[in-house]
Amino acid sequence: MTVKTRFAPSPTGFLHIGGVRTALFSWLYARHHGGQFVLRIEDTDRERSTQAAVNAILEGLDWLRLDHDEGPYYQTRRFDRYAEMADRLLREGKAYRCYCTREELEARRAAQVARGENPRYDGRCRDRAGPVPGMEPVLRFRTPTDGVTVVDDLVRGRVEFQNSELDDLILMRSDGTPTFHFGVVVDDGEMGITHVIRGDDHLNNTPRQMHMIRALGYPLPAYGHLPMILGSDGAKLSKRHGAVNVLEYRDEGFLPDAMLNYLVRLGWAHGDQEIFSREEMIRLFDINGVNASASRFDGEKLKWLNQQYLKSSPPDSLAGAFEWQLRRAGLDPGAGPAPAAVIEAYRERVATLRELAESAAYLYREPLQADDAAIRKHLTPAIGPPLALLATRLGSLASWTRTGIHDAMTAVAADAGIGFGKLGQPVRVAVTGGTVSPPIDVTLELLGRDKALQRLGRAVSLTGSGAVA
RNA sequence: GCUCCCUUCGUCUAGCGGUUAGGACGCGGCCCUCUCAAGGCUGAAACGCGGGUUCGAUUCCCGCAGGGAGCGCCA
């Protein structure tokens, strides 16, 4: 049997970080077993489904390169199929029409809760003789009333449910559209899904869906219910924990592989290993190793991982995303050094590509934006002459390389009778406008001779002016 | 309220009857150093509680407590 899994989001919002983890595990399971991965959009709720949400899901999966072999299927395009199956169940007596109104249902639920019972449909239309004139009924599934249903969950093990605790789910709404439960079951059956890997918020739905699958005559898939991802405070992951939309992570300058690597380690491990390439994830992942307990999302560790990826990726492979970040920051990538060189110099001092773009902005922006406090502190009158001397020496350098620059600086520092650092920081402030950058020789090399000399010259005039305290 | 699930450092986790309970993020210290990082070394930090089972429980079983999910003509 070839494995076939699916990711079945409902397009009612952006692609959530928890949804991505579910998609990842499902995708990994399929890839690990050489199977198929299906994407299915569960848009049966027409009120809340939007095209924008569909696009966000597609864009997110595409960014992460979680590719599917089939789909995307849209449930709204399969309505006639659900209707057929519904008719069949009705004819076979496995489903029945229910004429209870929402108000009646609600009142009964309230009464049940008041009595300390598990609120559920009481089955009163099960044996109703005829229709109620002028009313469109819903179609309900006739769930077995006794016995036990066992879910052999791939991550939780054996879970038992008393059928008496289950009620009769609605299959078709009074407007003739299918409900989520029915769509899922028909689709999983018809698409030949062998392993249903989803969030554990569905564990309670599983026994009911199993009954429906049997009634429909489909083979039962295996189930694996993944634990939730919580916010850093243990509460349900939401906006106030920071970004929950994957695309925000892209915008923040995270790398898709780092994202996946972080997510795969939430609930799964392979010994002490922290870094997994895509290939390793696929080779090593198995659902048996997945934890049953919920985990918290830790943005700090994600950043650390992202930097690990930044440091180990070929700079050229990061160039496109870096340039994209520059443009987002309103900078022109063509106005500065080659992206790969900047990445090379900065990747161990930033955690994200966005931070990189911010840190390296001085390379692309003209005129320089300088920090006043840094100028006051480092561009003192005393440093004026050495700076001027350095400018002269650099101006006559045969070739603009970091070693040549470094030698010139060493010589000027010696002439001035100061340590390298006493010269380095003022130069850094002069050319970057701040106190933080890669090694100063590398920084100057990156900037290029023209800009470096021009900024040095301006700094010299600053040291001689009243601008300095 | 009812049903179901979960419980190892602050966090992510390793562990699958006998370990000085390991690693990683974060945090502290030291080293390196022109700044910031990165890196190296190092330190503090955990088996929720109570019963069993067993020669022996972090590990198996049962309670309790705490946390979570579900209980819609939402998905």
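Just the heavy atoms: all of them, side chains too, but no hydrogens, waters or symmetry mates, feed the values below. Protein chains get the first letters and strands the later ones, always in sequence-line order, with residue 1 at the start of each. None of the values given here were measured: they were computed from a predicted structure.
The base of B:C73 is not paired with the side chain of A:Thr179 by any donor and acceptor separated by under 3.5 Å. In this model, a side-chain donor or acceptor of A:Arg349 finds a partner on the base of B:C36 within 3.5 Å.
Side chains of A:Ser437 and A:Thr432: no donor on one and acceptor on the other come within 3.5 Å. Neither side chain, A:Thr352 nor A:Asn306, offers a donor N or O lying under 3.5 Å from an acceptor on the other.
The residues A:Lys301 and A:Glu274 are annotated as salt-bridged, a charged nitrogen and a carboxylate oxygen being separated by less than 4.0 angstrom.
Applying the 4.0 Å criterion to OP1 and OP2 of B:A14, one finds that A:Asn291 has a side-chain N or O inside that range. For A:Lys311 and B:G39, the shortest distance from a side-chain N or O to OP1 or OP2 is below 4.0 Å.
Counting non-hydrogen atoms under 4.0 angstrom, A:Pro438 reaches a base of the nucleic acid. Across all strands, A:Lys236 comes closer than 4.0 Å only to sugar-phosphate atoms, never to a base (heavy-atom distances).
RNA chain B is contacted by both A:Ile440 and A:Leu302; A:Leu302 maps to the nucleotide lying nearer its 5′ end (nearest heavy atom per residue).
Partner assigned to B:U3 is B:A69, using Watson-Crick or G-U wobble distances below 3.5 angstrom.
Using a 30° and 60° split on the angle between ring planes, A:Phe420 and A:His406 fall in the parallel class, below 30°.
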